[in-house]
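Worksheet: the structure to be examined is printed underneath.
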Amino acid sequence: MTSFQTLAVNGNDGITGYVFMWIIAVVALTIFAFIIRSRIDLLLASQKDPRFSNLKRRFRDLINYGFIQKRQPRYLWAGIIHIMIFWGFVVLGLRSLDLVTEGLGLPIFRPFMQSPLGAFYSSLKDVFELIVLVACVWAILRRAIVRPERYEGSHKAEAYLVLGLISFLMVTDMLFEGSGMLLAGEMHGWLPAAWIGTLLLPARSPEALSVILSVTYWLHILAFFLFLNLLPLFKHFHIITALPNVFFRKLKKGEIKPARYGVDDIFDLEKLGVEKIEDFTWKHILDLYTCTECGRCSDNCPANAIGRPLSPKLLTIKLRDHAYQKYPILPASGACKGDEEPVNMVNGIIGLDELWSCTTCGACEEECPVFIEYINKIIDMRRHVLETSQNPNTFNQILMYVEKTGNPFGKPAVKRADWLKEQEVEGVKILKEGDQVDVLYYVDGYASFDPQSQQIAASIAKGLKLAGMDFGILGKLEKDTGHQVRRMGEEGLFQVLVEENTETLKSVDFKWIVTTDPHAYNALKNDYPEPYRVFHYTQFFLSLVETGHLRPKNAVDRKDLYTYHDPCYLGRHNGIYDEPRRLLQSIPDLRLVEMARNRDRSFCCGGGDVMLWHEIEQEEMRMAEKRIQMALDVGATVLVTACPFCLIHFEDTIKTGGLEERIRVVDLMTLFMSSLENPEP
Amino acid sequence: MNIIVCVKRVPLTQEVDLEIDESGKKIKEDALAYVINDWDNYAIEAAVQLQENLGGEVTAITIGSEDDEEVLRRALAMGADRAVRIDPGELVTDGYLDATILAKTISGLEYDLIFTGVQSEDRNTGMVGIMLAEQLGLAHAAVTNGIEAEEKAAKVFVELEGGIDEVSRIQLPALLTIQTGINEPRYVSIMGIRKAKKKELKVMTLDDLGFGAEALTPQTQIEEVFLPPETEGAEMIEGDAATIAETLIRIMGEKGVTV
């Protein structure tokens, strides 16, 4: 086959083609380098971010999510199309290099191509050429006819241009190889794409065929280099950046990044948070380069679903447009690097309520096929908003209360264990410095002071007693973990709380921590520096059941149909999906049904973070309302959750919506306790 | 426009079951959390806003121990330029003494306006600001809920009974006691407060101010502190919404409220 390649490159007159090819390649690669330079400039100007830990896991994830593309089929047809094109690119890459190197007169792949393995490769390549072509046409038709809503606001013209260009590359190669075969009068093995090409060609006219051979070759080469140079300009940059982006993904879910990596004491910093594009870390910039605008994030974003002014996809697109404007390819076109900002990025390009709309539920990050991070970016921008006092005024008092009293209600610390009296729980040890227990029950603020959540705490305490556990609470020594505070952007206060709580936890001797609240669980597990052995109550009580310490005996009414709502910080952020379900199913006669959105696609209740204290005006309905509808849709009469905030949001929505007759909400712990034979030891 | 703001650290008393100590003249303070007096927070914000618009310097002053410096740092973080703490040592002050000490401190400073809160959350006397104005021989406006400052004068809005505002012009220098709600005080982060440590905070003793011991005699004495006596229990109104509403209207009518 190389004979007709040489013919295509140089025609019949010697070496002119090589010269052309060198000119094309040098010019194209120079332009490419020039374009890439401005992209690299921004990466270099951005902040540190250590992403080389746990290489084994990174390589494994690269294979699973980069090459096997495990997240793609979460959207089945789009996923299949993408996998077809991706694998086409992997296979066809070698073919392109072969064509280019032949053209340059450096036929380094020729020995391989002429080997038996090369023949197999050629067949494989041909099959993939057809697969890619079909996938591209399919994708074009899908975009034009089906028009999935999630592409709203994406750069549609770019998508068509690139899909068209890929198709063009496939067709030119088919015709090129087809005309070559006809000219040579022989078949090189089984080449289905080339064979289809031959059907379209004037087989009896060698003159026409040799013109077509040259033209399709050069068109293919030009299209190839054009494509290369288009990549870093548009969303198709992901063809280059997606694999690195997957490799450098965030490994520890649920964790919020420090204000600056490599800084031990944040109070040494001049400022906190992200104000300008360069304040992001290099990985967060790489995220922007990598976004394919597929919209899966926004399609799953609960804030977006209820009309709040947040779409994760548009957040990325806006930040990227801003980045490209600030780091333009042609320096003359209004570059203004550094401190001079013609327009605010935060509270300008990105609106304040856009930032406050996020409940940090993590649905977007769970969905993104290339592991783009949103929560850390949003929190980093919130930090800037808070440090510059642009936060909602309602936060002032809440944060002051947390600072002064350790809880957001401003209740005196000395009353932190009063829930024991109020809920009539007896015989619970309130720990002092130096005390020793097996289980330290970390109640946290809401379960200590909010009357509704106190019932969960009471059930946990009674359950631990019933199981004969040696446990205690910290009472006035305990302060809120600061989960909310950190996600509101008050990093300084969070660090103070970490310091104080760590000191307190050091002063008592315990084996395990059990928490009421998935948020407290997440903070202690993922945000705190000490490696505590911390469990959410659902995990702990399941193990008590499975080890025979507790035996649920009282059956529930079989008329009721139960459904379980995965709290974000239990499920998505910490992967605890099965334990709560198994604990539920330990209750006799309990009939469990799954909502359409369950497990990692759970739909946030409205959040335990900012939303309790700040209302977004554009909201069309409450998240909890939408979630309860999902429960009603599957016929559930009892909605079970395992988080005080979910309970509050759902209970409130059921009451205000007058839905008491149709559905009720219950915390898993309260439900579980009522199934125990003798709940009052 | 140079502005002096007098601030005070007070205990956070909401939801706290206050207890009287053995002497019967004080509440127990050990388990209380302390914050900036709410009115003073608005006063600082008002001063900082004026300074941001008109230039000049803001000085925050408090009388108290080292622990009370916290409210000064807060003021500095909000935008005040310098702070002064007067350490009263063992002296227990009342409103009159506070005004006297502040007057002496301030008389050595340059200023166009002095702000205090209308009152403090702990003693609620509402007199320090006014007495301070008197001692400095300044015009004053109490319960200010709006300020439009000019070169040598200011238009001030003062809250009267029944939601009526009185608008007047006041010659500078003058003293204004600031009402809550005059603005929306900004949040100052923990980081901001830590950073404010770099700003000047001067500590002065009563000796530094040139007070002799005899000059500082409180004008008020606390005889006894007691909790309000418990009154009879509330009446629970039973019945459906209509009955409850009817009963409510009847009771309100009996108490002289016309609905």
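All chains are named by letter (A, B, ...) in the order of the sequence lines, taking the proteins before the strands, and each is independently numbered beginning at 1.
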*How long is the gap from CD on E45(B) to OG on S389(A), to the nearest 0.5 Å?*
8.0 Å

*If you measure from CD1 on I36(B) to NZ on K404(A), what distance do you get to the nearest 0.5 Å?*
9.5 Å

Measuring heavy-atom distances to chain B, does [X] have an atom under 4.5 Å in its side chain, in its backbone, in both, or in neither?
{"X": "F494(A)", "result": "neither"}
{"X": "N393(A)", "result": "side chain"}
{"X": "K415(A)", "result": "side chain"}

*Specify the closest pair of heavy atoms between M400(A) and V35(B), including all atoms of both residues, with the distance to one decimal.*
SD-CG1, 3.4 Å

_For the student: nearest non-hydrogen atoms of I190(B) and G492(A), plus distance_ = CB-C, 3.8 Å

*In terms of heavy-atom proximity below 4.5 Å to chain A, should R194(B) be classed as side chain, backbone, both, or neither?*
side chain

*Portion of K197(B) that has a non-hydrogen atom of chain A nearer than 4.5 angstrom*: neither

*asked:* Under the side-chain contact (heavy atoms from CB on, under 4.5 Å) test against M191(B), which residue among E490(A), E387(A), E491(A), Q495(A) passes?
replied: E387(A)

*Give the member of L386(A), V496(A), V414(A), T388(A) that has the highest number of heavy-atom pairs under 4.5 Å with chain B.*
L386(A)

*Verify side chain to side chain donor-acceptor pair (under 3.5 Å) between Q397(A) and Y187(B), making sure each step is shown before the conclusion.*
CA-CA 9 Å; Q397(A) 195 178 43; Y187(B) 181 71; over 6 Å; no

*Passes side-chain contact (heavy atoms from CB on, under 4.5 Å), Y401(A) versus Q14(B)? Steps please.*
CA-CA 11 Å; Y401(A) 282 158; Q14(B) 64 143 9; 3.0 Å; yes

*Is E433(A) atom CD crowded by more than 12 heavy atoms from other residues, nucleotides or ligands, each under 6.0 Å away?*
no

